[in-house]
Novice: 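Submitted below is the structure of interest, expressed as structure tokens.
Keep in mind that this is a model prediction, so the values were computed, not measured. Count residues from 1 along the sequence.
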Amino acid sequence: MSVIVGNSEFRPLPTNPTAKITGVHESLLQECEKDIIWYRDNFFGKAHQNYLALDSPRGPLAISVIRDGDTYKALLRTTAGSERLSVSSASIPTSFFRKIFGMGPSTVNLMEGISRNLPVRSLRMCKDANLPNELLSMEERQVIRSYKFGVAYVAPGQSSEEEMLTNRNETSSPAFKQFLNFLGETIELRGWKGYRAGLDTSGSNMTGTHSVYTKWQGYEIMFHVSTLLPFIPGDRQQLERKRHIGNDIVVIIFQDSDAPFQLGSVTSHQNHVIAVVKPEGDGYRTVVAPKGGVPAFTPDLPEPCTFGQDAVSRDFFLHKLVNGERASYKAPSFAPKISRTRSVLLYEVASKFLK
């Protein structure tokens, strides 16, 4: 299989000769999930200090500090994300007077010892017993539990986005339908109670009658399948289909065609990761192409990048797609929005407890 990059913003990821198709591993955890685990394991239920800043040169922030033997551990939460920090207690100066009375270092020395970039003068210690639960709740609110991925079928002889959106379910190949079964289960939208990803479940069939869905590793994934979305005769661009798939960050393109797919034909600003999949033998050959500005994300793709239809291969593929969406949140298009969300959450916590 092949793709044509042309003037596209998408660039195929390199393969790694030493990489292997493996099941889910730790990299599936979101950063906020890792922060939750680290806070629970090292701070929660133990004597520690929490400091808040409502208005500082770095915006609202919260920092938790605990002494663990000869080490100070800190979790710094800012609008840009969280940092897990550890420093030796011996590296933080403590005045002779404080040592005599069995006191630790001053707040200024402690904070400057943990990080030189902290706005120390803006920080205030908060001893409210409810704050640890509030900080955990704040992180929990940022854990993304549901995803929506686009899936489009490219028929023989086709090579562009406009062409693939014209295909209907009744003319799609058995191989494509088998691939949909690989991804998840076909569900009826009428009365659907799970994650609906913007699809109509009222029974009016505004977005088709069925879709493909899976619950995987505790997350819900709904697939916006082009051939299951309404087809509008006479609409060259099939805007109803593009309204959903064009707003998905990750799009899977199933290539039944031998013609190289033109990545430049994908023009939506929202699409950030394209996974081109072509049936090969009993499995699939894959090219994953993120948009410029999307940082690297695991798991690495093996050489050759082919996977089967077994459970481990499915885990690997979905793992790559989920991490691709998460990496996209750090791209220029999304990073400011994520930062604003964190800023609001931190501000809410700080304003609640700094009264």
Side-chain angles (χ1 to χ4, degrees), residues 1 3 21 147-192 194-201 205-216 220-233 238 240-246 248 250-261 266 271 273-288 305-322:
M1 69 180 294
V3 296
I21 301 292
Y147 296 86
K148 56 186 183 71
F149 299 150
V151 184
Y153 173 66
V154 179
Q158 297 180 338
S159 63
S160 69
E161 180 187 64
E162 184 173 302
E163 291 172 322
M164 73 186 185
L165 291 178
T166 64
N167 295 316
R168 306 193 194 194
N169 188 49
E170 55 268 26
T171 59
S172 62
S173 69
F176 178 60
K177 293 172 182 176
Q178 185 176 4
F179 178 67
L180 294 181
N181 289 334
F182 170 78
L183 291 177
E185 62 176 310
T186 299
I187 55 101
E188 184 178 1
L189 289 173
R190 180 193 296 268
W192 175 251
Y195 175 58
R196 63 186 187 91
L199 298 176
D200 173 34
T201 60
N205 302 333
M206 295 293 291
T207 56
T209 60
H210 292 79
S211 190
V212 176
Y213 165 91
T214 190
K215 195 160 190 175
W216 177 77
E220 291 185 276
I221 303 175
M222 181 68 82
F223 298 92
H224 289 148
V225 182
S226 62
T227 56
L228 297 179
L229 291 167
F231 175 81
I232 310 298
Q238 292 300 313
E240 181 61 27
R241 290 176 167 182
K242 195 165 184 176
R243 181 170 69 88
H244 292 283
I245 296 175
D248 292 329
V250 175
V251 177
I252 306 164
I253 294 173
F254 187 86
Q255 192 177 30
D256 241 355
S257 174
D258 291 326
F261 183 77
V266 179
N271 298 155
V273 177
I274 302 295
V276 183
V277 176
K278 185 175 179 61
E280 184 174 282
D282 294 329
Y284 305 102
R285 181 177 286 270
T286 305
V287 170
V288 178
C305 189
T306 58
F307 57 89
Q309 299 184 40
D310 56 282
V312 172
S313 295
R314 180 175 182 269
D315 281 344
F316 179 88
F317 184 60
L318 293 178
H319 191 169
K320 188 68 175 176
L321 299 184
V322 166

Novice: Before we go on, tell me: are the rings of Phe316 and Phe307 under 6.0 Å apart, centre to centre?
Specialist: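 Aromatic pair excluded; centres sit 6.0 Å or further apart.
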Novice: Kindly write out the residues that satisfy side chain to side chain contact (heavy atoms under 4.5 Å, CB included) with Glu163, not counting sequence neighbours, or none if the list is empty.
Specialist: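 So Glu163 forms a side chain to side chain contact (heavy atoms under 4.5 Å, CB included) with Gln158, Ser159, Ser160.
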Novice: According to salt bridge (Lys or Arg N to Asp or Glu O under 4.0 Å), who are the partners of Asp310, at least two apart in sequence or on a separate chain?
Specialist: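 So Asp310 forms no salt bridge (Lys or Arg N to Asp or Glu O under 4.0 Å) with any residue.
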Novice: Quick one, Val250 and Tyr147 - any side-chain contact, counting heavy atoms below 4.5 Å?
Specialist: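 They are not in side-chain contact.
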Novice: With distance as the sole test, does Asn271 use its side chain to make a donor-acceptor pair with the main-chain N or O of Asp248 at under 3.5 Å?
Specialist: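 At least one qualifying donor-acceptor pair exists.
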Novice: Donor-acceptor pairs are to be reported for all side-chain atoms of residues 180-189 against protein atoms at under 3.5 Å, with residues two or more places apart or in another chain.
Specialist:
residue : atom : partner : partner atom : Å
Asn181  : ND2  : Lys177  : O            : 3.4

Novice: Just to verify, what does Pro233 make a side chain to side chain contact (heavy atoms under 4.5 Å, CB included) with, not counting sequence neighbours?
Specialist: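 Result, side chain to side chain contact (heavy atoms under 4.5 Å, CB included) vs Pro233: Phe231.
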Novice: I need the minimum non-hydrogen distance between Gln309 and Asp282, along with the two atoms involved.
Specialist: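 Shortest heavy-atom contact: NE2-O, 3.1 Å.
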Novice: What's the spacing between Gln238 CD and Arg243 CZ if we round to 0.5 Å?
Specialist: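 Between atom CD of Gln238 and atom CZ of Arg243 there are 13.0 Å.
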Novice: So, Thr207 side chain and Leu199 main chain: donor-acceptor pair closer than 3.5 Å or not?
Specialist: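 No: the side chain of Thr207 does not pair with the backbone of Leu199.
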Novice: Taking all non-hydrogen atoms of both residues, which atom of Asn167 and which atom of Thr227 are closest, and how far apart?
Specialist: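 That would be O-CG2, 3.7 Å.
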Novice: Under the rule for side-chain hydrogen bond (donor to acceptor under 3.5 Å, both in side chains), what residues qualify as partners of His319, not counting sequence neighbours?
Specialist: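 By the side-chain hydrogen bond (donor to acceptor under 3.5 Å, both in side chains) rule, His319 matches Ser27, Asn323.
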Novice: Can you check whether Arg314 reaches Thr214 side chain to side chain, under 4.5 Å on heavy atoms?
Specialist: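 Result yes, sub-4.5 Å side-chain heavy-atom pair found.
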Novice: Within a strict 4.5 Å, meaning less than it, do heavy atoms of the Lys148 and His244 side chains meet?
Specialist: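 No. Closest side-chain heavy atoms not under 4.5 Å.
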Novice: Would you please classify the geometry between the Tyr284 ring and the Phe254 ring as parallel, tilted or perpendicular, with 30° and 60° separating the classes?
Specialist: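 It falls in the perpendicular class, over 60°.
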Novice: So, the side chain of Arg285 versus the backbone of Glu280: is there a donor-acceptor pair under 3.5 Å, distance only?
Specialist: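 Not at all, since once roles are kept as given, no pair shorter than 3.5 Å links the two residues.
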Novice: With sequence neighbours excluded, tell me which residues meet side-chain hydrogen bond (donor to acceptor under 3.5 Å, both in side chains) with Trp192.
Specialist: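 Listed in chain order: nothing, the list is empty.
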Novice: Tell me every residue that passes salt bridge (Lys or Arg N to Asp or Glu O under 4.0 Å) with Arg168, counting only those two or more places apart in sequence or in another chain.
Specialist: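 For Arg168, no residue satisfies salt bridge (Lys or Arg N to Asp or Glu O under 4.0 Å) once neighbours in sequence are set aside.
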Novice: My understanding is that only residues two or more places apart in sequence, or in another chain, count here; which of them pass side chain to side chain contact (heavy atoms under 4.5 Å, CB included) with Leu228?
Specialist: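 Leu228 satisfies side chain to side chain contact (heavy atoms under 4.5 Å, CB included) with Asn169, Val212, Val225 once adjacent residues are dropped.
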Novice: Where is the tightest heavy-atom contact between Leu321 and Ala275, given as atom of each residue plus distance?
Specialist: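 What the structure gives for the nearest pair is CD2-CB, 3.9 Å.
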Novice: Only one of Asp258, Asp256, Thr286 clears side chain to side chain donor-acceptor pair (under 3.5 Å) with Lys278; which?
Specialist: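 Result: among Asp258, Asp256, Thr286, Asp258 is the only option passing the side chain to side chain donor-acceptor pair (under 3.5 Å) with Lys278.
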Novice: Residues two or more places apart in sequence or in another chain: which of them pass salt bridge (Lys or Arg N to Asp or Glu O under 4.0 Å) with Lys320?
Specialist: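 Here no residue qualifies.
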Novice: Restricting to non-hydrogen atoms, name the atom on Pro279 and the atom on Ala175 that form the minimum distance, rounded to 0.1 Å.
Specialist: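 Looking at all heavy atoms of both residues, the closest pair is CG-CB, 4.5 Å.
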Novice: Restricting to non-hydrogen atoms, name the atom on Leu165 and the atom on Ser226 that form the minimum distance, rounded to 0.1 Å.
Specialist: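 Scanning both residues, the minimum pair turns out to be CD2-CB, 4.2 Å.
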Novice: side-chain hydrogen bond (donor to acceptor under 3.5 Å, both in side chains) with Asp200: which residues, sequence neighbours excluded?
Specialist: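 Asp200: side-chain hydrogen bond (donor to acceptor under 3.5 Å, both in side chains) contacts with Ser202, Ser204.
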Novice: So, using side-chain hydrogen bond (donor to acceptor under 3.5 Å, both in side chains) as the criterion, who are the partners of Arg196 when residues are at least two apart?
Specialist: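 Residues passing side-chain hydrogen bond (donor to acceptor under 3.5 Å, both in side chains) with Arg196: none at all.
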Novice: Could you tell me whether the side chain of Ser211 and the main chain of His224 form a donor-acceptor pair under 3.5 Å?
Specialist: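 Side chain of Ser211 to backbone of His224, a donor-acceptor pair under 3.5 Å: no, none is there.
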Novice: Go through the structure and list residues passing side chain to side chain contact (heavy atoms under 4.5 Å, CB included) with Glu220, not counting sequence neighbours.
Specialist: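 Scan of Glu220 (side chain to side chain contact (heavy atoms under 4.5 Å, CB included), adjacent residues dropped) gives Ser146, Tyr195, Tyr213, Lys215.
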Novice: Any side-chain heavy-atom pair from Phe149 and Val322 closer than 4.5 angstrom?
Specialist: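 A side-chain contact exists here, since the closest heavy-atom pair is under 4.5 Å.
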